[in-house]
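Chain identifiers are assigned alphabetically (A, B, ...) following the order of the sequence lines, protein sequences preceding nucleic acid strands; residue numbering begins at 1 within each chain.
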Amino acid sequence: MTTQATHQPAPPAELAARPVRFAIVGAGGMGATHAIGIKDDPNVEIAWTVDLDLPRAEQLAHKTGAKATSSMEDALADPAVDAVVIALPTSLHRNATEAAARAGKHVFCEKPIARNAEDGLAMVAACEQAGVTLMIGHVVRFFPEYQRIKEILDSGELGQIATVRALRTNPPVQERSPWFADVEKNGGVVLDLMVHDLDTLCWLLGDVERLFAQGLTYTEAQPRRDYAMASLRFRDGAIAHVESSWAHSTHRTSIEIAGQYGLIDFSSDNAASLTIERTVALSDKLDRPARVYSRPAVVSPQQRELRHFIDCLQSGEPVMIDGHAGVRAITLANSVLDSMRTGRPVFFNEDGSVAA
Amino acid sequence: MTTTGAPALVRLGIVSFAHHHNYGFAAGALTLPGVEIGTVWDEDPAIGTAAADQFGTTFEPDLDNLLARDDIDAVIIGSENVHHARHAIAAANEGKHVLCEKPLATTVADAQAMVDACERNGVKLQTAFPVRFTPSTVALRKAVRDGVIGTPLAVAARNPGTCPHQWFVDPALSGGGAVMDHTVHVVDVLRWIFDAEFTEVYAEISTRIHDIPVDDTGLLMMKMSNGLPVSLDTSWSRPGNWPTWGGVTIDVIGEEGVLSLDAFADVLEVAETRNETFTWRPTDSVGDSEMVRGFVDAIRNDTSAEPSGLDGLRTVQVTLAAYESARIQAPVAIAY
């Protein structure tokens, strides 16, 4: 099937002269975060909120001044809509992106791009054919610590990079969002958390030559707990250990990079620049620790990634994280799953595809 | 076994200070009741004489003489890795108990010959793994075994350090770099915590940081016989101006939570302006003395010395399998 756009996207000059009109597809956690994050931006108008669960779409519409619908077709048929934010379960990304591209809408799609590289490549092709922009929400690149690390590495200050450790933990997710834990459909902790660091490390260090992984994804511990460790060897020779967990008590990230001339270490624990310590519980219903750490320096990276997407639509510049970056990350993530399952390393071709 | 308050005297001979750990072990020994350092030997008379002064004993320029002395009960060997086997076997043949610096040897054949020689001569062979004796590691083992985090599911560990240079980076004396130097501690501790063997290893090993003829960067992905996946970073990745030598961290991920060991985190941060240094100084370092205490107690009570020679041998097998894996770019099974 060819993907001929039914509607031509507005050129950058037009988008620069008026607010960019969005449809938010998926009014769950991420959809709401994105919608609320940009609703007060004078360059943005939220025209539609879409969710199969209409009351949920209505609730978000009410907060953002949009119209609500349970059918994405309603939003895509509206010629006033310029772009969509796709915040659906991963397995639905491809169909939603292809439909948006056919309708001539620019696409901002949550990570991972799709459940597999094949779907991701189809999304890239659909958007290229329709002449619309596709950006993948690998939001970690918009956290200040990773941007600063990128500057330092690019400056050459550390010389040749030797070894990297990246960690990302969350509490067990199964109780909160059971759909997440379906490994076949959604890939467990590897496609939820590790895919962030896989994208970020490629951004920092280039392409991966081979990887090996082990963890709990295919053990009896699933679906109660999930945990994965991957060893990456980059084409330039650097070695990385990537660790992702749905078995810790809190959200935590860290990254350490050791090179020829020195070492960078970041831990979200140490970066908590404001701590609130209360001796009286805020509420007896809240089962929360009395110490709450925060990082006021981190101003909504989700807002900043969408701001970048909007800037690109208005300037015609390429986005920082295109569909190919999304495909690279999902290829690596699925290879991590494969290695965990087979107990064998996975090797990659120069173009990033899995070697036979 | 003594029945009075005073423990039987154990007289130690120190064999080589090539490995700086032997200064710590000698100092630890002197804190113990009923332990004497009878004499010290080093290939370099200047080092040997200075060490003899430091520990209030004599320098013996001839190792054979030291090993033949009747007033020496046991030796602590801290020579270059490749010399461990020769020194340990000679000591065993003279009836001396042996506490040997890690790695026990650089080949399985050497390690096995050491174990055999000590067994044949009826002397103790202990491998110097002081990490086992740090209070935090002892507490980690107890917490795992008490089920504090439920069923253990996976382990992520690291033993990074600064590059020790000197003979450590000469493969003819060290047998290898960071992987040879830093695999064995954590492997020993995990075998001890879980009563399980390492059955498979996949490794990435490289020289990326220093201009040296051995590896300085290593990442091992391993499996234990109890099914646990384990990762271990062995790199000499701490810069020369890092506030301490390195460290040992072990995260045990369990069904009901996570235990995180940072074995050498108990430090004072000291900034000193005259030498422009910023260092982390341990608030205590009982690991060395407790390890030597275990050795002399085993001699006195004729019980098994632990970590044993066999423990040392097992860790050498894992280390060599890691090098083999990196060479063939595939997991290597470890047969015992």
Separation of [Y] [atom2] from [X] [atom1] (nearest 0.5 Å):
X: A:Ser339; Y: B:Met221; atom1: OG; atom2: CE; result: 8.0 Å
X: A:Gln214; Y: B:Met222; atom1: CD; atom2: CE; result: 8.5 Å
X: B:Ile209; Y: A:Gln260; atom1: CD1; atom2: CD; result: 9.0 Å

* What part of B:Ile205 lies closer than 4.5 angstrom to a heavy atom of chain A: side chain, backbone, both or neither? -> backbone
* Asked: What part of B:Ser235 lies closer than 4.5 angstrom to a heavy atom of chain A: side chain, backbone, both or neither?
  -> side chain
* Any side-chain heavy atom of B:Pro331 sitting closer than 4.5 Å to one from A:Arg344? -> yes
* To do: Determine, stepwise, if the pair A:Thr163 / B:Asp233 fulfils side-chain contact (heavy atoms from CB on, under 4.5 Å).
  => CA-CA 9 Å; A:Thr163 174; B:Asp233 177 351; 4.0 Å; yes
Using non-hydrogen atoms only, which part of [X] is less than 4.5 Å away from chain B: side chain, backbone, both, or neither?
X: A:Leu167; result: neither
X: A:Phe347; result: side chain
X: A:Ser231; result: both

* Derivation and outcome, side-chain contact (heavy atoms from CB on, under 4.5 Å), residues B:Ile253 and A:Met229 -> CA-CA 12 Å; B:Ile253 287 77; A:Met229 301 180 272; over 6 Å; no
* Structure fact -> Comparing A:Arg210, A:His241, A:His248 against chain B, the one with the most heavy-atom pairs below 4.5 Å turns out to be A:Arg210
* Look at A:Ala213, A:Ala240, A:Gly237, A:Ser245 and state which one has the largest set of heavy-atom pairs under 4.5 Å with chain B. => A:Gly237
